[in-house]
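Data block below; observations after.
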Amino acid sequence: TYINNNLYQISGLDEEKAVGQSYQVFKPDFRQLRLYAEMQQVLQQGHIWKGSLKFHRSPDGTPYWLQVSVTPFLDGDNQPYQYLVIANDI
């Protein structure tokens with residue numbers, strides 16, 4: 001897992017707390033559950049997902065938004081086994 005310094009600054013997390021963790025470590029706003037369900041469905045089908053997501057900064061909970069593009073890498077059975085996420089602060 002690689003995370004650039006800008007995401008550490010935006011999210012308020014450090015490398016020790018972020019690397020190797022689920023995206024949930026970035027404290028997504030789960031009031032967007034329908035959007036997350038849509039994202040999971042698109043990714044499971046092997047397609048790229050793009051959208052804007054709201055997160056909450058650690059540890060103070062300040063909201064921030066990211067424009068996100070998630071690309072699944074598929075195995076021989078066309079199943080995602082890892083993801084490339086590119087996010088821009090908006």
Side-chain angles (χ1 to χ4, degrees):
T1 303
Y2 171 77
I3 301 171
N4 70 31
N5 289 334
N6 289 335
L7 186 55
Y8 292 130
Q9 291 174 349
I10 293 166
S11 68
L13 292 173
D14 60 27
E15 184 174 2
E16 183 178 301
K17 292 180 182 174
V19 172
Q21 301 299 317
S22 155
Y23 72 91
Q24 293 178 352
V25 74
F26 291 101
K27 297 189 177 184
D29 185 336
F30 284 110
R31 290 176 286 191
Q32 301 177 81
L33 285 177
R34 186 179 309 153
L35 186 59
Y36 281 97
E38 172 194 312
M39 176 178 63
Q40 290 292 73
Q41 183 178 24
V42 167
L43 294 172
Q44 287 301 317
Q45 293 171 355
H47 301 292
I48 295 171
W49 183 88
K50 294 181 181 183
S52 299
L53 297 173
K54 181 180 181 182
F55 293 87
H56 296 283
R57 192 173 328 267
S58 295
D60 68 3
T62 303
Y64 64 98
W65 288 85
L66 298 176
Q67 181 68 35
V68 179
S69 176
V70 184
T71 303
F73 289 85
L74 306 178
D75 64 16
D77 295 323
N78 286 330
Q79 296 299 309
Y81 67 93
Q82 77 182 41
Y83 303 91
L84 171 66
V85 179
I86 299 173
N88 294 301
D89 185 18
I90 54 176

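Basis for what follows: all heavy atoms, side chains included, without hydrogens, waters or symmetry-related copies.
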For residues V42 and V85: do they belong to one hydrophobic cluster (side chain heavy atoms under 4.5 Å, members Ile, Leu, Val, Met, Phe, Trp, Tyr)?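 Same cluster.
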Could you tell me whether the side chain of S11 reaches within less than 4.5 Å of the side chain of Y64, counting heavy atoms only?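 Yes, at least one pair of side-chain atoms sits under 4.5 Å.
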Taking the side chain as every heavy atom from C-beta outward, state whether I48 and Y83 have any atom pair closer than 4.5 Å.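 Side chain of I48 against side chain of Y83, heavy atoms only: no contact under 4.5 Å found.
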Heavy-atom pair of closest approach, residues L74 and P80: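 Taking every non-hydrogen atom into account, CD2-N, 3.6 Å.
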Measure the spacing between [atom1] of [X] and [atom2] of [Y] and express it to the nearest 0.5 Å.
{"X": "M39", "Y": "H47", "atom1": "CE", "atom2": "NE2", "answer": "15.5 Å"}
{"X": "S69", "Y": "L84", "atom1": "OG", "atom2": "CG", "answer": "7.5 Å"}
{"X": "I90", "Y": "K54", "atom1": "CD1", "atom2": "NZ", "answer": "12.0 Å"}
{"X": "D89", "Y": "W65", "atom1": "CG", "atom2": "CH2", "answer": "12.5 Å"}

Audit row: I86, V68, side-chain contact (heavy atoms from CB on, under 4.5 Å) steps and yes/no: CA-CA 6 Å; I86 299 173; V68 179; over 6 Å; no
Before giving the answer on side-chain contact (heavy atoms from CB on, under 4.5 Å), spell out for L53 and L35 the whole-Å C-alpha distance, their side-chain angles and the decisive distance to 0.1 Å. CA-CA 9 Å; L53 297 173; L35 186 59; 3.5 Å; yes
With sequence neighbours excluded, tell me which residues meet side chain to side chain donor-acceptor pair (under 3.5 Å) with Q41.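 Scan of Q41 (side chain to side chain donor-acceptor pair (under 3.5 Å), adjacent residues dropped) gives none.
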Taking only residues at least two apart or on different chains, which pairs with a member in residues 70-82 satisfy side-chain hydrogen bond (donor to acceptor under 3.5 Å, both in side chains)?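 Found none.
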